[in-house]
Amino acid sequence: MAPGRRRRSARGAALLVGSAVAWFVTVPARVVAVVMAFGAGVLISALAFELVQEAVEQGGLAATAGGFLAGAVAYVGLNVVLARHGAQHRKRSGTQQPSQQEHSGSGGAIAVGALLDGVPESMVLGLSFLTGPGLSLPMFAAVFLSNVPEGLSSTAGWKKAGRGPGYVFGIWGAIAVASGLAALAGYLLLDGAAPTTLAFVNALAAGAILAMVTDTMIPEAFEKAALYSGLIATLGFLAAFSLHAAG
């Protein structure tokens, strides 16, 4: 299997693993929160050292800052629109998510929101082949480790909202395909692009990822593990940073 296919299938596999666990096993809310906190720390570390720092070194501060801010603004703007249609709590494992009866159209909004959360990560994996010697192991690990709790928490909440297995696994399967296409597009469309352009796009993805972590992952982690979520996130950050330092 080619490297590109391996990286794309691994992300989809992480989502499906987390989803399958949550669907067939009743995972305690506190366990979901702990795993989510760790995944948040991993992603924050990876975007800081694998994306923003390298973007500055490659294309300068102006391109990096512009991309970072644009990514955050774009994500938050789209997230606000989706929240108004019932997708605000798409990564929550409790009873916060509305059913289709409670909020008409929420099923489609949640599906689009889940896709929105994954596109920046997938683009980064594709771009890593253009901005370095190959796939970044710390970034790959960060995406994998964060997608397991994302699938776990989201599916637990969807199940409690009364959504069936066809909806749940259909969404994750579609997202796995779409994420692969996003990674491929990131590689093909920007092959040969100027360093400032690559820096801007990498930083744009980083800004979107940070906004996603803050808006969707940290609230779930804090609600059920408030006293320990900071420490758990720190451990996740340290784990990803150790991979970066070792690599």
Which heavy-atom pair separates [X] from [Y] by the least distance, and what is that distance?
| X | Y | answer |
| --- | --- | --- |
| A199 | A55 | CB-O, 3.4 Å |
| A240 | V42 | CB-O, 3.6 Å |
| T64 | A203 | O-CB, 3.1 Å |
| S229 | A37 | O-CB, 4.0 Å |
| A40 | V213 | CB-CG1, 3.8 Å |

Results of side chain to side chain contact (heavy atoms under 4.5 Å, CB included) for [X] - residues two or more places apart only:
| X | result |
| --- | --- |
| A48 | none |
| A70 | F200, L204 |
| V177 | L181 |

Discussion item. Can a donor-acceptor pair be found, under 3.5 Å and without considering hydrogens, that links the side chain of T234 to the backbone of G230?
Written reply: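 Side chain of T234 to backbone of G230: a pair is present.
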Worksheet item: Would you say V21 and V35 are hydrophobically clustered, going by side-chain heavy atoms of ILVMFWY under 4.5 Å?
Response: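 Yes; V35 is reachable from V21 via cluster members.
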Discussion item. Under 4.5 Å side-chain heavy-atom separation, chaining through any Ile, Leu, Val, Met, Phe, Trp or Tyr, what else clusters with V73? Say none if it is isolated.
Written reply: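 Result for V73 is L69.
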Please report the interatomic distance [atom1]([X]) to [atom2]([Y]), rounded to the nearest 0.5 Å.
| X | Y | atom1 | atom2 | value |
| --- | --- | --- | --- | --- |
| L210 | M217 | CG | CE | 11.5 Å |
| H244 | Q53 | NE2 | CD | 5.0 Å |
| F241 | L243 | CZ | CG | 11.0 Å |

Item to complete: Not counting sequence neighbours, list each pair that qualifies as a side chain to side chain donor-acceptor pair (under 3.5 Å) and has a residue in residues 16-37.
Response: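 Matches after skipping sequence neighbours: S19-T155, S19-W172.
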Side-chain heavy-atom pair [X], [Y] within 4.5 angstrom cut-off:
| X | Y | result |
| --- | --- | --- |
| M212 | L43 | yes |
| F38 | L235 | yes |
| I209 | Y75 | no |
| N202 | E54 | no |

Item to complete: Could you pull out all residues at least two apart from F222 that satisfy ring pair (Phe, Tyr, Trp, His ring centres under 6.0 Å)?
Response: none
